[in-house]
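This report concerns only the one structure given below.
Starting from 1, each residue takes its place in the sequence as its number.
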Amino acid sequence: MTDLTSALPTTLEIEGACLSAWPAIALVHDGAWLWRFAHGYSKRSNSFQCLDPNDDGNAEARIARLSALSRRHGIEPVFRVTPLAGPGVVAALDRLGWVPFEESRVLAMNLSSEPVAPVGDIRWLNPGDPRWYRAEASLSSLDARTVETLKTLLSLIAHETKGIVVHGRDGTPAAAALAVNSGGIGIFNNVVADKARRRQGFGTAVMRAAIGWTREKGATSAAIQVVSNNAPAIALYESLGFVEQYRYHYRRPPKA
């Protein structure tokens with residue numbers, strides 16, 4: 001049996017792949033700290049974080065500067081706390097009273113084993129194709145402004161990317177996902193299934209299609225981020241061979 005945990009990428013490699021696979025419209029670098037902005041669409045693209053646990057000096061002042069930058073751009077200051085946030089960063093957030101919320105898990109798998117072929121009416125589309133982003137928008141209930149931001153973010157992904165839609169028997173979209181071969185790591189974003197048609201295999205089909213596509217494009221491993229309280233999604237990903245690598249959460253300032 002293939003060891004699904006062998007040769008998995010490091011935390012930094014996964015973080016780098018995820019940041020590249022889901023970009024932001026504006027970036028600010030402060031040493032190993034990274035601030036990102038995307039008009040409020042997704043916390044990952046509208047928060048700041050540290051990518052080196054050794055770069056935790058002067059944390060309170062840096063948090064204040066990047067928080068002011070967030071407010072200037074009309075978004076709530078949010079820090080994304082991963083295992084790469086050094087002890088000085090965590091201590092500073094604690095002193096400032098920043099409140100933890102929304103924990104997520106990062107799961108990964110290697111792609112050395114032969115994939116199971118997806119079954120169903122599956123369409124592989126360029127992410128800028130209206131058939132993909134309209135399906136994603138409908139399944140995720142995105143408003144028109146958010147769809148425009150989504151389209152902008154899709155245009156900024158440098159790596160090879162594919163939008164995947166699984167259609168139900170009635171011909172309408174039942175699940176969608178965005179697959180990115182991010183430097184040899186398959187990253188899967190915007191995974192969504194029709195709430196009215198869950199437990200019918202559409203989520204499994206779209207994920208198998210996404211995994212298969214990234215493997216064909218040369219990815220040797222894959223990773224996905226999922227909110228910790230989304231037990232059905234976690235069970236699905238684990239059934240496909242993903243295993244948990246680490247967790248992260250967000251912090252925001254206390255209410256005045």
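Using a 4.0 Å cut-off between a side-chain N of Lys or Arg and a carboxylate O of Asp or Glu, E148 and K151 qualify as a salt bridge. Ionic pairing of R131 and D129 is present here: one or more N-O contacts between side-chain nitrogen and carboxylate oxygen are shorter than 4.0 angstrom. Under the 4.0 Å criterion applied to side-chain N and carboxylate O atoms, R62 and D56 are not assigned as salt-bridge partners.
The hydrophobic clustering, which links ILVMFWY residues whose side-chain heavy atoms are closer than 4.5 Å, places V89 and V81 together. One hydrophobic cluster, built from ILVMFWY side chains closer than 4.5 Å, cannot hold both V90 and Y250; they sit in different ones. If you chain together hydrophobic residues whose side chains sit under 4.5 Å apart, I75 and V28 fall into the same group. Cluster annotation: W98 and L69 are assigned to the same hydrophobic cluster (Ile/Leu/Val/Met/Phe/Trp/Tyr, side-chain heavy-atom contacts under 4.5 Å, transitive). Cluster membership check: V191 does not share its hydrophobic cluster with L125, using side-chain heavy-atom separations under 4.5 Å among Ile, Leu, Val, Met, Phe, Trp and Tyr.
To the nearest 0.5 Å, atoms CG (L34) and CG (D52) are separated by 13.0 Å. Here S221 contributes atom OG and I185 contributes atom CD1; the two are 4.5 Å apart, rounded to the nearest 0.5 Å. Atom CZ of residue R169 and atom CD of residue Q200 lie 8.0 Å apart, to the nearest 0.5 angstrom. Here CH2 of W33 is found 13.0 Å from CG of L84. Values are rounded to the nearest 0.5 Å. Atom CZ of residue R105 and atom CG of residue N230 lie 10.0 Å apart, to the nearest 0.5 angstrom. A distance of 14.5 Å separates CH2 of W213 from CD1 of I122, quoted to the nearest 0.5 Å.
No side-chain heavy atom of I187 sits under 4.5 Å from any side-chain heavy atom of I224. H249 places none of its side-chain heavy atoms less than 4.5 Å from the side chain of F79. Considering only heavy atoms from C-beta on, V180 stays 4.5 Å or farther from T214 through its side chain. P127 places a side-chain heavy atom less than 4.5 Å from the side chain of L178. Using a 4.5 Å heavy-atom cutoff, the side chains of E244 and V106 are not in contact. N126 places none of its side-chain heavy atoms less than 4.5 Å from the side chain of W132. Within the 4.5 Å cutoff, the side chain of W35 has heavy atoms near those of the S70 side chain. Using a 4.5 Å cut-off on side-chain heavy atoms (C-beta onward), M109 and I211 make contact.
Without hydrogens or angle criteria, E136 side chain to Y133 main chain gives no donor-acceptor distance under 3.5 Å. In terms of modelled atom types and a separation under 3.5 Å, the side chain of N181 and the main chain of E160 share no donor-acceptor contact. No side-chain donor-acceptor contact under 3.5 Å links R123 to the backbone of I164. Distance alone, capped at 3.5 Å, places no donor-acceptor pair between the S20 side chain and the A17 backbone. Under the 3.5 Å distance criterion, the side-chain polar atoms of T161 are matched with a main-chain donor or acceptor of H159. S45 contributes no side-chain N or O that, together with a main-chain N or O of S42, makes up a donor-acceptor pair within less than 3.5 Å.
When each of V226, I234, L107 is tested with F242 by the rule side-chain contact (heavy atoms from CB on, under 4.5 Å), just one qualifies, namely L107.
Side-chain contact, T172 with R197: a donor N or O sits under 3.5 Å from an acceptor N or O.
Judged by a 6.0 Å distance limit and a 45° cone about the ring axis, R80 is positioned over the six-membered ring of Y248. In this structure, R252 forms a cation-pi arrangement with F101, its terminal cationic atom sitting closer than 6.0 Å to the ring centre and no more than 45° off the ring axis.
Here the closest heavy-atom approach between residue P87 and residue P53 is recorded as CD-O, 4.2 Å. Across L51 and E15, no two heavy atoms sit closer than the pair CD2-CB, 4.2 Å. Listed here is the closest heavy atom pair of C50 and D55: SG-O, 3.5 Å. Smallest separation of non-hydrogen atoms from P77 and P253: O-CD, 3.3 Å. Considering every non-hydrogen atom in both I14 and P9, the closest pair reads CG1-CG, 3.7 Å. When all heavy atoms of G203 and V206 are compared, the closest pair comes out as O-CG1, 3.3 Å.
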Dump the intermediate steps for side-chain contact (heavy atoms from CB on, under 4.5 Å) on V227 and E102, then the final yes or no. CA-CA 7 Å; V227 178; E102 195 175 292; 4.2 Å; yes

Could you please spell out the steps behind the side-chain contact (heavy atoms from CB on, under 4.5 Å) verdict for V165 and W124? CA-CA 7 Å; V165 180; W124 286 265; over 6 Å; no

Start with the C-alpha gap between D121 and V166, add the side-chain angles, then the distance that decides, and say whether side-chain contact (heavy atoms from CB on, under 4.5 Å) holds. CA-CA 6 Å; D121 182 1; V166 177; 5.8 Å; no

Give the intermediate values and the outcome of side-chain contact (heavy atoms from CB on, under 4.5 Å) for residues R44 and L19. CA-CA 8 Å; R44 282 179 291 157; L19 290 168; over 6 Å; no

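Apart from L139 itself, the hydrophobic cluster it occupies contains V192, where clustering links Ile, Leu, Val, Met, Phe, Trp and Tyr at side-chain heavy-atom distances under 4.5 Å.
Annotation: ring-ring contact (aromatic ring centres under 6.0 Å, His included) contacts of W22 (sequence neighbours excluded): Y41.
For CZ of R247, the number of neighbouring non-hydrogen atoms (other residues, nucleotides, ligands) closer than 6.0 Å is greater than 12.
Aromatic ring pairs are classed by plane angle as parallel below 30°, tilted from 30° to 60° and perpendicular above 60°; the pair F37 and H73 is tilted.
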